[in-house]
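The structure displayed is predicted, hence computed values, not measured ones. Letters A, B, ... mirror the listed sequences (proteins, then strands); counts begin at 1.
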Number of protein chains: 4
Amino acid sequence: MGTKGEETKKCILQTAATLFWEHSYNLVKVDQIVKKAQINKASFYQYFKSKEQVALDGIDFMENMSKDFLMNPQLNSEPNPILRLEAFIGLVYNVQKQMHEAEGKLYGCPFVNMSTEMSNENEEMREKIAKIFRNFEEYHQKIYEEAKEQGLVSSELDPVLVGRQVVGILNGASVSSKLKKRPEEFLDALISIKVLMGAK
Amino acid sequence: MGTKGEETKKCILQTAATLFWEHSYNLVKVDQIVKKAQINKASFYQYFKSKEQVALDGIDFMENMSKDFLMNPQLNSEPNPILRLEAFIGLVYNVQKQMHEAEGKLYGCPFVNMSTEMSNENEEMREKIAKIFRNFEEYHQKIYEEAKEQGLVSSELDPVLVGRQVVGILNGASVSSKLKKRPEEFLDALISIKVLMGAK
Amino acid sequence: MGTKGEETKKCILQTAATLFWEHSYNLVKVDQIVKKAQINKASFYQYFKSKEQVALDGIDFMENMSKDFLMNPQLNSEPNPILRLEAFIGLVYNVQKQMHEAEGKLYGCPFVNMSTEMSNENEEMREKIAKIFRNFEEYHQKIYEEAKEQGLVSSELDPVLVGRQVVGILNGASVSSKLKKRPEEFLDALISIKVLMGAK
Amino acid sequence: MGTKGEETKKCILQTAATLFWEHSYNLVKVDQIVKKAQINKASFYQYFKSKEQVALDGIDFMENMSKDFLMNPQLNSEPNPILRLEAFIGLVYNVQKQMHEAEGKLYGCPFVNMSTEMSNENEEMREKIAKIFRNFEEYHQKIYEEAKEQGLVSSELDPVLVGRQVVGILNGASVSSKLKKRPEEFLDALISIKVLMGAK
DNA sequence: GATGAATGAGTTTTCATTCAT
DNA sequence: TATGAATGAAAACTCATTCAT
């Protein structure tokens with residue numbers, strides 16, 4: 001942990017990022033953030049020059065969160081790429097399922113949410129999120145390449161396309177699961193992805 | 001055409017629905033709608049009791065627009081379901097591509113956008129949009145069923161799942177294409193969908 | 001009855017006056033009047049140049065209504081002034097009681113309501129209503145004078161004062177009955193008035 | 001005095017309550033309150049969640065004001081209840097008279113004004129004001145009971161009725177004095193009240 | 001005379017941000 | 001660094017009134 005100031009800043013960031021995830025960028029008000037973070041409003045502006053800034057930093061925060069969660073060494077020590085893929089999607093599914101059970105709602109992917117809302121309005125946000133998805137695409141591209149090498153898949157597709165499509169399919173599941181309050185969309189997405197890859 | 005009042009109402013609706021599509025529900029202000037529709041603000045409230053109402057009616061408007069566009073008799077007279085699927089996605093692709101060329105932006109699917117932003121905040125919106133997607137799922141389910149009957153696909157999947165997944169994959173393409181400003185995501189999605197179906 | 005135009009005007013007047021009585025001048029909107037009177041809004045302005053005007057004319061309308069109701073020949077043919085007083089207040093009481101039973105509310109005296117709300121804001125309204133009350137004061141002054149002549153009362157008060165006080169006490173009953181939803185305030189007021197007069 | 005914020009809140013409250021007294025609830029606009037209180041409009045909403053709330057709190061404020069003014073220990077140390085009654089009404093009369101002299105207008109009782117305008121529209125306001133009048137009724141009931149005990153009155157009336165009627169008569173004086181711009185209505189009311197009580 | 005439609009000027013309320021201590 | 005208080009600008013919505021046919 002860091003100094004008190006660093007702790008406060010992190011608390012604001014975490015609170016804001018979570019609220020944006022749950023309620024969208026535009027519906028969350030600074031008042032709501034500072035109330036939930038239990039800080040003074042002027043303090044908020046001491047750490048972040050604007051609401052936009054906290055959203056921008058919040059994207060980074062969420063990226064780190066999701067990397068820790070989804071791309072951690074434990075999961076990635078699994079040598080079988082298809083099992084890795086299954087574990088990855090299983091983790092996503094569990095998060096959404098728990099949200100749904102706990103709150104009756106399901107928030108989908110924070111990057112999908114924010115980009116859908118803001119990518120045409122804020123170039124900085126768009127670029128940040130696009131980069132995050134590019135990483136995810138590469139991650140799944142590698143899975144496919146490894147699977148190919150290991151003879152675990154029967155298809156002969158462009159790995160770049162597969163990487164993109166895996167992320168695309170998961171983004172679609174994010175949208176559908178949120179709309180329908182149906183976490184199983186992620187499990188169904190896994191089926192599509194495996195069919196796409198020709199996983200045996 | 002209808003009475004002057006009906007024309008005005010339709011003009012407001014069209015203007016609002018388009019603005020919501022382009023900029024999200026929360027970022028579009030009533031002032032902006034009335035300015036673009038070239039009407040007085042009080043007139044707006046004579047036709048719609050609230051901004052929420054115009055969004056709700058705007059969803060219906062967009063549904064009709066998309067039905068006219070995507071589920072029209074011409075397209076659906078095509079007996080080959082796979083060609084129908086290709087034509088459907090081709091139309092979507094063309095719209096997005098033209099937007100991109102004309103405005104440098106790409107707005108994705110209006111229902112994906114609005115549901116991502118609002119489905120957890122407004123139950124009425126959520127239900128309306130969920131129903132629209134259910135229709136699309138059925139549409140693609142039927143395509144798959146017909147394709148199966150006609151021996152055009154090799155897979156043996158649950159048609160309900162396929163219907164859902166086609167819509168899911170297209171929703172993902174909507175998100176990705178908007179974020180990346182890359183209309184080709186829809187063409188890539190078609191590849192995934194055909195692989196999923198096992199289209200020969 | 002008069003021409004169609006006169007009928008329409010009277011309908012507007014009656015509707016407006018009733019609404020003002022029930023909900024106050026400022027809370028009643030022109031839209032509400034025209035909706036309840038089932039006329040077009042432009043028609044309203046054909047008959048009355050403003051909302052203020054319909055209120056002013058509405059005061060006259062209410063004055064005529066109350067004169068017909070409270071100062072009619074039948075009631076005033078009663079030679080005993082105390083019985084006349086009792087009948088007068090009995091009529092008022094019955095109106096309020098019926099309102100209360102029918103609608104759960106009780107609207108009090110329309111002149112008390114409007115003058116309390118508007119007498120400091122609109123001199124024309126103030127004068128109109130003041131004149132109406134002066135008539136009522138004279139009416140009760142005469143009752144007292146007759147009662148004195150007929151030896152029906154034991155007090156020796158200034159009849160002008162008594163006239164004023166009878167109206168004042170009834171105005172107080174109007175306020176209290178409306179606030180407490182208790183029509184019996186008028187019956188209690190009768191007691192006070194009779195004590196004041198020294199009615200045997 | 002309290003903190004700056006408390007002072008500001010009190011200033012708003014006092015300003016608003018006075019304006020409502022002078023001009024009615026519905027005619028006073030938030031803009032007018034903030035201008036007179038010399039604060040920013042957003043500050044208003046930091047201290048009161050709505051115009052309705054400031055009116056509700058304003059009723060309490062006025063209740064405290066009137067208690068301090070009319071039910072203070074000095075006045076109530078007078079052992080003779082009739083003299084107490086006279087002093088009470090004398091105070092009311094003086095306030096109204098001074099208003100009249102200073103501003104050419106006379107505002108009557110703030111509770112009478114607000115209840116006449118709002119009791120059928122806002123149950124919370126109705127209850128608050130009804131409670132205030134119940135206190136005044138009890139106050140005057142006690143005066144009558146004491147006067148009876150001390151043999152200062154000749155009547156044999158139900159003290160509850162007398163309490164109610166004293167308040168009713170004063171409410172009537174409030175209405176009449178405001179309408180006629182005649183503070184003396186309160187002195188006349190005192191006559192009626194003493195006759196009612198049979199004060200010697 | 002009647003009516004569908006339009007509108008300028010408010011009115012309440014909100015919000016991101018800054019000030020002052 | 002922390003915080004109680006303040007604020008300009010804007011947002012949603014309303015209202016009395018008038019226009020045009």
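- Rounded to an integer number of Å, the gap from NZ of B/K49 to C1' of F/dT14 is 16 Å.
- Under the Watson-Crick or G-U wobble criterion, with both distances below 3.5 Å, F/dA11 is paired with E/dT12.
- When distances are taken from the side chain of A/K51 to each of F/dC15, F/dA16, E/dA16, the shortest belongs to E/dA16.
- In this model, the phosphate group of E/dG1 is not approached by any side-chain N or O of C/S43 to a distance below 4.0 Å at OP1 or OP2.
- Residue A/Q32 contributes atom CD, which lies 13 Å from atom P of E/dT14 at whole-angstrom precision.
- For the pair D/F48 CZ and E/dT14 C1', the interatomic distance rounds to 18 Å; values are reported in whole Å.
- Contact annotation: B/Y47 reaches the phosphate of E/dA6 (side-chain N/O to OP1 or OP2, under 4.0 Å).
- Residues A/E123 and A/R126 are paired through a salt bridge, judged by an N-O separation under 4.0 Å between the basic side chain and the carboxylate.
- One finds the CD1 atom of A/I12 at 12.0 Å from the CD atom of A/Q38 (value rounded to the nearest 0.5 Å).
- A/E52 has its CD atom 16 Å from the C1' atom of E/dC15, to the nearest Å.
- Taking only side-chain nitrogens and oxygens, A/K29 comes nearer than 4.0 Å to OP1 or OP2 of E/dC15.
- Between D/D31 atom CG and F/dC15 atom P there is a gap of 16 Å when expressed in whole angstrom units.
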task = Given side-chain contact (heavy atoms from CB on, under 4.5 Å), test B/Q46 with B/K9 step by step and report yes or no.
result = CA-CA 9 Å; B/Q46 206 142 9; B/K9 182 166 186 176; over 6 Å; no
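- Pairing for F/dA2 goes to E/dT21, judged as Watson-Crick or G-U wobble with the two contacts each under 3.5 Å.
- With the nearest nucleotide of DNA chain F identified for both D/Q46 and C/K41, D/Q46 has the one nearer the 5' end.
- Atom CD1 of residue D/I33 and atom CZ of residue D/F48 lie 9.0 Å apart, to the nearest 0.5 angstrom.
- In this structure, the separation between CD1 on A/I129 and SG on A/C109 is 8.5 Å, given to the nearest 0.5 Å.
- Considering only side-chain N and O atoms, B/T8 lies under 4.0 angstrom from the phosphate OP1 or OP2 of E/dA6.
- The CD-C1' distance, from D/Q38 to F/dG8, rounds to 18 Å in whole Å.
- Projected onto DNA chain E by closest heavy-atom contact, A/F44 and B/G5 fall at different nucleotides, the more 5' of which corresponds to B/G5.
- In this structure, D/N26 atom CG and F/dA16 atom P are separated by 12 Å, rounded to whole Å.
- Each of A/N40 and C/L27 has a nearest nucleotide on DNA chain F; the 5'-most of these lies closest to A/N40.
- D/Y45 has no side-chain polar atom (N or O) that falls below the 4.0 Å cut-off from OP1 or OP2 of E/dT14.
- In this structure, the nucleotide among E/dA6, F/dC15, F/dA16 sitting nearest to the side chain of C/V30 is F/dA16.
- Rounded to whole Å, the distance from CD on A/Q53 to P on E/dT18 is 13 Å.
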